[in-house]
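Notes to accompany the following structure.
If you read the sequence from its start, that first residue is 1, and numbering goes on from there.
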Amino acid sequence: MNQDPYRVLGVARDASDDDIKKAYRTLAKQWHPDRNPDNPEAETKFKEIGAAFDVLSDAEKRNLFDEFGPVSLEPGFDPTYARRTAHGAPPGFGADGIDLDDLFGGFFSQMGRGPQATRARLGLDFMDAARGGQHSLSFGDGRTIDVRIPPGVRDGETLRLKGQGQPDPRTGSQSDLLLTLEVGPHPLFRREGEDLHVQVPVTVGEALRGGSVPVPTLDGVIRLKVPAGTQSGRTLRARGKGILRRGIQGDLYAHIDVRLPDALDPEALDEVIETIEKGYREHPRDQLYRHVA
């Protein structure tokens, strides 16, 4: 993320945690792709809002951004080295006397001569990422460490584990471990921010008559009411059944998929079709031609 998260969420730099949560919820609801199906900017805007909240809802990330600006959000950023580089810099180089361009370039120059942190990757099951928990990570030297995964982590997110990396060849001190998480897909759920989406097949009878249908969630099966006359593509919402991340609980969106029967009695088919056809007030395609000359 190379934008100012305060500007993205429209909050002041001294905004409280509650102010930040409120701004995030308002904007996420406004720009959610499901609410803007014909707006190609919505998905991009929604991701920017989520990334901004990810920074400002984390005290450490927020403090680093306040101190160093956007460079602090780059993977592998080392605040200790950044402060050491900034020491003695002439005044006038940014708000804290830091030339961020030189700092950024110098940081990765040093990275080439000796890593500031050890990098590793950890594959996670979708459910493990959603729920969090303890995982073991083994190194080539035989060392094994336990890693606590916070609930709600995202694919590609990087965790910094202080002093858990390999010795720094320049200083001899134990480096930090930058652990990039690789979250696998789920056979049912699709994640957008902290919301979950799932396709729910229903029969023609369920769609016509309405009723409650079972819907899977992370915590088991719930039942949602399908209104009579529900069309395929309609979305039902289960509040608080999405991902929990840093105190924000997402929702679950169940997308209805009306399925035709696999087979019908040929003798009854014509009668069934005739009965169904009589239920249309107008042909479903009529609206396609209303604005055609």
_Is the shortest side-chain heavy-atom distance between Arg154 and Arg191 below 4.5 Å?_
yes
*Main-chain N/O of Leu218 paired to Arg131 side chain as donor or acceptor, under 3.5 Å*: yes
*For the residue pair Asn36 and Gln30, what are the closest heavy atoms and their distance?*
ND2-O, 3.0 Å
*Please indicate whether Glu41 has more than 12 foreign heavy atoms, meaning atoms of other residues, nucleotides or ligands, lying under 6.0 Å from its CD.*
no
_Carboxylate-amine/guanidinium proximity below 4.0 Å for Glu192 and Arg190_ = yes
_Quick check: closest heavy atoms across Ala23 and Leu9, and the distance to 0.1 Å?_
CB-O, 3.6 Å
_Asp128 vs Ile149 side-chain heavy atoms within contact, under 4.5 Å_ = no
*Kindly compute the distance separating CG (Asn39) from OG1 (Thr44), expressed to the nearest 0.5 Å.*
9.5 Å
*Measuring from Leu181:CG to Asp155:CG, what's the distance to the nearest 0.5 Å?*
8.5 Å
*Applying side chain to side chain contact (heavy atoms under 4.5 Å, CB included), run through Tyr24 and Leu56 and close with a yes or a no.*
CA-CA 10 Å; Tyr24 167 73; Leu56 298 187; over 6 Å; no
*Mind checking what makes salt bridge (charged side-chain N to carboxylate O under 4.0 Å, His left out) contact with Asp257, not counting sequence neighbours?*
Arg259
_Closest heavy-atom pair and its distance - Gln166, Thr118_ = N-OG1, 2.7 Å
*What about Val198 and Leu236, same hydrophobic cluster or not, with Ile/Leu/Val/Met/Phe/Trp/Tyr joined at side-chain heavy-atom distances under 4.5 Å?*
yes
*asked:* Would Asp4 and Arg13 count as a side chain to side chain contact (heavy atoms under 4.5 Å, CB included) here? Give the steps.
replied: CA-CA 10 Å; Asp4 185 335; Arg13 288 188 172 268; 3.0 Å; yes
*Just wondering, do Glu277 and Ile273 contact through their side chains at under 4.5 Å, heavy atoms?*
yes
*Applying the side chain to side chain donor-acceptor pair (under 3.5 Å) test to His255, which of Arg234, His197, Gln199 qualifies?*
His197
*Decide if atom CZ of Arg143 counts as having more than 12 heavy atoms of other residues, nucleotides or ligands within a radius under 6.0 Å.*
yes
_Enumerate the salt bridge (Lys or Arg N to Asp or Glu O under 4.0 Å) contacts for residues 203-227, please, sequence neighbours excluded, ordered by first and then second residue._
none
_Keeping Ser57 on the side-chain end and Phe53 on the backbone end, is there a donor-acceptor pair under 3.5 Å?_
yes
_Residues, nucleotides or ligands: over 12 heavy atoms within 6.0 Å of Glu271 CD_ = no
_Pairwise distance CG(Asn63) to CZ(Phe68) - rounded to 0.5 angstrom_ = 11.0 Å
*For the pair Thr230 and Val202, evaluate side chain to side chain contact (heavy atoms under 4.5 Å, CB included) and give the outcome as yes or no after the intermediate values.*
CA-CA 10 Å; Thr230 289; Val202 300; over 6 Å; no
*Taking atom CZ of Arg121 as the centre, report whether more than 12 heavy atoms of other residues, nucleotides or ligands fall under 6.0 Å from it.*
no
*Would you confirm whether Asp146, through its side chain, and Ser136, through its main-chain N or O, come within 3.5 Å as a donor-acceptor pair?*
no
*asked:* Between the side chains of Glu194 and Arg25, is the shortest nitrogen-to-carboxylate-oxygen separation below 4.0 Å, so that they form an ion pair?
replied: no
*At what distance, to the nearest 0.5 angstrom, does CG of Asp58 lie from CZ of Arg246?*
4.5 Å
*Treat each ILVMFWY residue as a node, draw an edge where side-chain heavy atoms are under 4.5 Å apart, and state whether Phe46 and Ile248 are in one component.*
no
*Say whether, by atom type as modelled, one donor and one acceptor occur between the side chain of Gln164 and the main chain of Leu161 under 3.5 angstrom.*
no
*Shortest non-hydrogen contact between Pro261 and Val204, atoms and distance*: CD-CG2, 4.2 Å
*Determine, using the 4.5 Å side-chain heavy-atom cutoff (strictly less than), whether Leu269 and Tyr280 are members of one ILVMFWY cluster.*
no
*Is there a chain of hydrophobic side chains (I, L, V, M, F, W, Y, each step under 4.5 Å between heavy atoms) that links Val221 to Phe126?*
no
*Geometric class of the Tyr253/His32 ring pair [parallel <30°, tilted 30-60°, perpendicular >60°]*: tilted
_Non-neighbouring partners of Lys61 that pass side chain to side chain donor-acceptor pair (under 3.5 Å), sequence neighbours left out_ = Asp54
*asked:* With rounding to the nearest 0.5 angstrom, report the CD1 to CG distance, Ile145 to Leu179.
replied: 7.5 Å
*Taking the side chain as every heavy atom from C-beta outward, state whether Leu252 and Val215 have any pair of such atoms under 4.5 Å apart.*
yes
*Would you say Leu64 and Asp66 make side-chain contact, with heavy atoms under 4.5 Å?*
no
*asked:* Just verifying a value: how many Å separate Arg62 CZ and Ser72 OG, rounded to the nearest 0.5 Å?
replied: 12.5 Å
*Before giving the answer on side chain to side chain contact (heavy atoms under 4.5 Å, CB included), spell out for Val8 and Ile49 the whole-Å C-alpha distance, their side-chain angles and the decisive distance to 0.1 Å.*
CA-CA 6 Å; Val8 173; Ile49 293 165; 4.3 Å; yes
*Please indicate whether Arg285 has more than 12 foreign heavy atoms, meaning atoms of other residues, nucleotides or ligands, lying under 6.0 Å from its CZ.*
no
_To check you understand the geometry: which heavy-atom pair defines the closest contact between Gln231 and Val258, and what is its length?_
C-CG2, 4.1 Å
_Which atom of Thr180 lies closest to which atom of Gly156, heavy atoms considered_ = CG2-O, 4.0 Å
*Taking C-beta and beyond as the side chain, do Thr203 and Leu260 meet within less than 4.5 Å on heavy atoms?*
no
*Take atom CD of Glu43 as the centre, draw a 6.0 Å sphere, and report whether it contains more than 12 heavy atoms from other residues, nucleotides or ligands.*
no
*asked:* Any salt bridge linking Asp251 with Lys241? Criterion: basic side-chain nitrogen under 4.0 Å from a carboxylate oxygen.
replied: no
*Is there a chain of hydrophobic side chains (I, L, V, M, F, W, Y, each step under 4.5 Å between heavy atoms) that links Met127 to Ile222?*
yes
